[in-house]
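A quick write-up on the structure given underneath.
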Amino acid sequence: MLEFKDYLREKIHKLLEKKYPIDIMELEISYTPQQKMGDLALTFPFQLAKKLKKEPRKLALEIIPLISPLEGVERIEAAGPGYINLFLEREKFFSSQLRSTGKTSLSPEEEKIIIEHTNINPNKAAHIGHLRNACLGDTLGRCLKYKGENVEIQNYIDDTGVQVADVAFGFMELEKKTLSQIKEIKEKFDYYCWDLYARVSSYLESNPQAETRKSEILKKIEQGENPEHETANHISRRIIKAHLKTMGRIGVDYDFLPCESSVLHLKFWEKAFSLLKEKKAISLAKDGVNKGCWVMYLEDEPEKEKIIVRSDGIVTYVGKDIAYQLWKFGLLEEDFYYEPFIKEDGKIVWISTATPQKESPSFGKGSKVYNVIDRRQAYLQKIVVQGLKSLKYLSQAEKSIHFSYEMVALSPKSLKELGFSITEEEEKKDFLEVSGRKGLGVKADDLLDMLEKKALAEVEKRNPELSENLKKETAHKIATGALRYFMLKFALNSLIVFDFEEALSFEGETGPYLQYTVVRINSIFRKLAEREGFEEKDIKPLLSSKEIPLQKLSESEQVDFWDLVLYASKFEEEVLHSIRSLEFSHLAKFSFNLSQKFNAYYHLYSILAEENKEIKSIRILTIHYIREVLKRALSLMGIPQPELM
RNA sequence: GCGCCCGUAGCUCAGCUGGAUAGAGCGUCUGACUACGAAUCAGAAGGUCGUAGGUUCGAAUCCUGCCGGGCGUACCA
């Protein structure tokens with residue numbers, strides 16, 4: 001449809017530009033609310049009426065003869081107060097849609113796009129908040145790749161930060177464990193650290209004198225080559241592996257893991273610091289509360305100072321982030337060294353290191369960068385962009401996108417279900433923030449386990465004859481589908497108050513509903529093959545037959561057929577719209593609505609039992625088309641497609 | 001205080017840069033499986049779109065005030 005609309009827009013513009021003051025950008029083509037009104041609607045007579053001080057309806061009537069006939073359009077009507085409605089030539093449109101399945105009319109616009117997502121502190125297990133981040137980032141990546149963009153996925157690892165130091169402190173001071181004793185821990189390590197981190201946090205709260213030792217650990221971790229560093233390094237590497245495994249369960253993966261330790265040791269910050277000083281992007285505060293700090297000013301609030309380097313000379317987190325952002329755009333004149341971290345299915349995930357390596361893949365040097373990070377960090381992200389602006393990297397600042405979304409919080413009810421005790425004050429709140437510090441949260445693997453267990457029970461019920469492996473694999477796909485759809489269905493601005501019942505649902509507006517729809521279509525094709533020997537390869541000849549005799553369908557079937565096909569044809573527009581707005585809930589809703597329309601159609605029109613060959617062929621082509629679109633939509637959302645369920 | 005965001009059906013949410021009669025899911029109530037798989041479908045009930053103004057051919061959507069809620073605003077990350 002996207003292509004067809006572009007064609008119409010250009011054609012109509014060409015036909016009218018000499019007579020009317022009309023810009024091609026204003027020539028919007030929308031859809032009618034009802035099929036009987038037509039398929040596409042032009043609203044420009046309203047805008048034009050304002051300019052020419054004429055009645056919109058009269059203008060519409062005046063314009064129609066000038067733009068007809070249009071290729072692919074059966075007839076044109078004026079409607080309502082001044083709409084121009086187009087009725088498409090259905091057979092022609094349908095067959096062109098059928099021929100273009102699998103191809104995309106979208107095209108790339110960037111040299112290279114870098115997406116940074118997940119970014120979990122490597123000191124504890126991943127939780128539901130991280131899942132939202134990863135699902136959004138991964139879906140963006142999939143959609144951009146479909147659009148034809150060159151995409152690189154990075155997952156930044158803060159392996160020298162306070163949070164890792166906390167857990168190192170826990171092992172060394174609270175548990176008095178040596179590195180080899182830590183290595184011997186057999187339990188799920190990220191879970192072990194989750195609990196330990198919470199213990200450390202409360203210990204430090206009641207024993208503030210221990211902060212001295214913690215600071216010492218932090219410093220030593222940064223320095224390297226000492227027991228504290230060895231311990232912290234072991235913790236972070238082992239936790240990263242756990243995170244990658246968790247994300248791998250839902251089909252999320254990465255190309256490169258840049259580490260803060262490398263940023264430090266390769267002196268990225270020093271380089272960025274001298275650039276910032278040189279261009280006067282930051283200045284040394286001579287007096288006031290921030291005396292002795294290097295500060296930056298935001299363009300739109302010049303009275304406010306943001307500290308980049310503290311008076312003790314230590315660079316803040318956001319300072320390091322500026323350096324990293326510069327590197328991502330290839331503006332730093334420095335690079336990481338790279339080594340393989342893990343290999344899976346032949347794909348290598350690379351990690352940064354400060355020591356020179358033989359192999360050197362190329363990362364970074366993006367022309368556009370998306371940072372997937374929740375809304376609470378909007379201010380810091382703004383400072384990072386300000387850094388680029390101050391250095392006069394204006395186009396990069398423009399293409400430095402904070403992909404911002406609201407957090408996932410917990411309802412007091414779900415906290416109770418998890419066995420946490422909550423205070424009366426907390427009980428009254430609508431929601432509570434997930435807190436790693438307090439150990440308050442739903443762990444990603446726990447949620448996935450629950451989903452898989454429930455899905456397995458459903459599969460057992462419906463398909464007891466399947467092999468154990470196939471049952472498990474199917475349950476896993478259903479669990480992934482449920483989770484990923486759940487994380488995408490809400491708009492970015494919507495704070496998700498996590499509820500187990502809702503998240504564990506497989507009915508209604510859920511991932512499994514979409515999967516079930518595809519399974520049903522597959523099942524029809526399977527039966528066509530079994531009963532009639534009609535194979536997938538037999539679809540093509542149906543396609544190439546000259547005519548699709550839609551008039552053979554009953555009137556009501558024509559209406560239902562067209563409603564379904566026209567809706568499906570909006571797919572690429574939806575993908576593009578989702579990318580532009582970063583609202584993948586659009587794609588999710590579109591897929592759900594399309595499934596709903598298909599399921600309604602399915603109940604009304606039988607394929608296998610239809611005796612009229614022509615009608616049967618049309619129906620086969622219809623469900624084939626819907627399946628192609630749905631499969632593509634699911635794959636862009638990372639929702640797996642089970643054969644049976 | 002300042003900045004940003006949110007208030008739409010009993011509950012959870014859609015509603016794109018203003019467009020034709022405000023939509024889904026869940027829940028409630030009525031129906032439909034000797035099957036193209038009921039993880040589904042059909043139907044019913046349910047809304048002064050927080051509130052008061054403004055902008056215009058047209059406002060849930062844009063602007064302003066007010067009410068209610070959230071987040072941010074660290075020499076933390």
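A, B, ... follow the sequence lines: proteins, then strands. Residue 1 opens every chain. None of these values were measured; they are calculated from a predicted model.
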Separation of A:M407 atom CE from B:C5 atom C1', in whole Å? 11 Å

Rounded to whole angstrom, note down the P distance from B:C16 over to B:G53. 25 Å

Using atom C1' of each nucleotide, how far apart are B:A60 and B:G18 to the nearest Å? 10 Å

Are B:A20 and A:Y83 stacked, with the base six-membered ring and the side-chain ring centres under 5.5 Å apart and planes under 30°? yes

How far, in whole Å, is B:G27 from B:A39 if one measures between their P atoms? 14 Å

Angle class for the A:F584/A:F403 ring planes (parallel below 30°, perpendicular above 60°, tilted otherwise)? tilted

Show each protein N/O and nucleotides 55-58 of chain B N/O combination with a separation under 3.5 Å, one pair to a line.
none

Respond yes when some side-chain nitrogen or oxygen of A:Y516 is under 4.0 Å from OP1 or OP2 of B:C41, and no when none is. no

When the C1' atoms of B:C71 and B:G65 are considered, how many whole Å apart are they? 23 Å

Reckon A:Q596 has a side-chain N or O less than 4.0 Å from the OP1 or OP2 of B:G25? yes

Distance between the C1' atoms of B:A59 and B:C49, in whole angstroms? 11 Å

Using Watson-Crick geometry (N1-N3 plus N6-O4 or O6-N4) or G-U wobble (N1-O2, O6-N3), each under 3.5 Å, B:U51 is paired with B:G65

Sugar-phosphate only, base, or nothing, as touched by A:I478 at under 4.0 Å among non-hydrogen atoms: base

Option passing side chain to side chain donor-acceptor pair (under 3.5 Å) with A:E216 (candidates A:K219, A:K214, A:R213): A:R213

Verify the contact: side-chain N or O of A:N599 to OP1 or OP2 of B:U40, cut-off strictly under 4.0 Å; return yes or no. no

note: A:R437, atom CZ; B:A77, atom P; distance rounded to Å ~ 12 Å

Quick check on B:C5: is either OP1 or OP2 less than 4.0 Å from any side-chain nitrogen or oxygen of A:Y379? no

Using a cut-off of 4.0 Å on non-hydrogen atoms, how would the nucleic acid contact of A:E502 be classed: base, sugar-phosphate, or nothing? sugar-phosphate

Could you check whether A:T517 gets within reach of a base, just the sugar-phosphate, or nothing at all, counting any heavy atom under 4.0 Å? nothing

Under-4.0 Å side-chain N/O to phosphate OP1/OP2 contact, A:R520 with B:U40: no

Suppose you measure atom C1' in B:U48 against the same atom in B:G70; what distance do you get, rounded to whole Å? 26 Å

A:K429 vs B:G69: side-chain N/O to OP1/OP2 distance below 4.0 Å: no

Angle class for the A:H243/A:H130 ring planes (parallel below 30°, perpendicular above 60°, tilted otherwise)? tilted

On a whole-Å scale, what distance lies between the C1' atoms belonging to B:G54 and B:A9? 29 Å

With heavy atoms under 4.0 Å as the rule, sort A:K291 into base, sugar-phosphate or nothing. base

Would you mind telling me which residue lines up with the more 5' stretch of RNA chain B, A:I314 or A:S595, judged by nearest nucleotide? A:S595

What about A:S311: does its side chain form a donor-acceptor pair under 3.5 Å with the base of B:C75? yes

Under the side chain to side chain donor-acceptor pair (under 3.5 Å) rule, collect the residues that match up with A:E427, sequence neighbours excluded. A:K416

Using 30° and 60° as the class boundaries, would you call the ring planes of A:F590 and A:Y567 parallel, tilted or perpendicular? parallel

Integer-rounded Å distance: B:G37 P and A:Q515 CD: 17 Å

Quote, to the nearest angstrom, the C1' distance that separates B:A32 from B:A38. 9 Å

Regarding A:N85, tell me which of base, sugar-phosphate or nothing describes its non-hydrogen contacts under 4.0 Å with the strands shown. base

